[in-house]
Amino acid sequence: MGKAYDTFRELLGEVFDLNAAAAVLSWDQQTYMPPGGNGGRAMQLSTLGRLAHQRFVSEEFHQALLAAAEDVRRADPESDEARILRRVRRDYEKQRKVPSAWVGEFNRVTAIAQQAWERAKEHSDFAAFRPHLETVVGMRREYADFFTPYENVYDPLLDDFEPGMKAAQVRSVFEDLRPKQVALIRAIQERGKPVDDRLFHRAYDIQKQWDFGIEVIRGFGYDFERGRQDKSAHPFTTSFGLGDVRITTRFIPDYLPTGMFGTMHEAGHALYEQGISTSLDRTPLATGTSLAIHESQSRMWENLVGRSRAFWSAYYPSLQAQFPAEFGKVKLEEFYRSINKVEPSLIRTEADEATYNLHIMLRFEIELALLERRLPVADLPEVWNAKYREYLGITPPDDAQGVLQDIHWSFGILGYFPTYALGNLIACQLWEKIQQDLPDLDARIERKDFAPLLDWLRRNIHVHGGKYDPEELLQRVTGSGLQAAPYERYLQRKFGEIYQL
Ligand code: ZN
């Protein structure tokens, strides 16, 4: 490539460095920083964020982008250079459309809304949060309008998390899937052989939980030379470049699954980023291509691997060795059924595989109705509770366990929730292809041999980072776009067998 392209990469690298530095500070804030650091840290993060944005939308960067485009014009359209330029140009066009005065106001409004949400949740007082949410939803409509014309007001918001995805597609996938998932849960409740998971609600030593988690993710292939694990209140994965991809986890002393599956989940995210080609480092492509594809990776390791019979036939003896009093006399089959118990619950983050997507679908329907002005914010609690009754057969006793449970809306994040459910679908779609390509996969997992699986993911998904858009990536790997059928088959087969339907 020419000199102009090199200049462009250098400027792009500086923006990346500023964002990575902010990510380190944010990681520190959520892991080790003493509470007294809060005020100063907010200023530091705000300064770094502003500098990164200013450099990105500067005239110098614009000129470098134009000059680099000349350099890259004759390059293979699938080359790293062409793909980096394509993606950066798209990000640039988007960011330029949003006035910085609007960004400043949005940051101010959401900072206040977050505090209001925390208090409102604590007192289960939706009325106190309502005016803030009204402002946030109004500003989100304004944001969408920077990107007119659009098909649906939801589309520009969704596009920030899932490039190319439209609300209409999400709606059609969800509407088709929802009745089937509701019917499966009803069948489990009415006809299923009961599953008891009380054994998880005992005292489990935190250090032993930690040790077991580390053993598992080391087995998966998580590279501790290029990452580390720490504890935080809300587990997350963060990257400061491809040589340092960290995870955090959270343990509950008297409930084992949270820490165990949370660790596998975050390791799934981290394995994705650790596998990205180093040629994409210091660019916006050095991360997953979308949140749904990212979530497909975390869900795959957590559920398709981590809640499978093959996995536990390999790792159950280790868990029994860590907790002989708790599991010494519990048979593998009983344990397997327990970790796969299906039970409609109020809180999304604790939902099982069969009910999880219903939590997402109702949030998506509500977001859509809010943005399309079909639903006033004031009616939210009523609509929320009605949908929980309809889809899950339960009614939240208060708004703290209902409409106020998630932090997302107070941050101003609308259009994000669908990616969680889409991730579950994509995980199963990829899994069917993986099983075709690796017919002895289960046998390998039973021998704690994850190398063929990780290698497949590395070659087909990870290495590309953000080079291909999500739909394009799925087409390349599976030969078709997003499909819900593999997910439906997976749920029917797995839970039909466990519950003897
Ligand atoms: Zn995740």
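Counting convention: from 1, in listed order, for ligands and their atoms alike.
Side chain of Glu497 to backbone of Arg493: no donor-acceptor contact under 3.5 angstrom is found. Of the possible donor and acceptor atoms, none in the side chain of Arg299 sits under 3.5 Å from a partner among the backbone N and O of Gly268.
No close placement of the Phe161 and Phe417 rings is indicated, their centers lying 6.0 Å or farther apart. Residues Tyr143 and Phe147 place their aromatic rings such that the two centres sit under 6.0 Å apart.
For the salt bridge (Lys or Arg N to Asp or Glu O under 4.0 Å) with Asp469, the qualifying choice from Arg476, Arg83, Arg86, Arg87 is Arg86, the only one to do so.
Ordered by chain and number, His265 NE2, His269 NE2, Glu295 OE1 make up the set of protein N, O or S atoms under 2.8 Å of the Zn ion (ligand 1).
Salt bridge annotation for Arg337-Asp197: absent, with no cationic side-chain nitrogen under 4.0 angstrom from a carboxylate oxygen.
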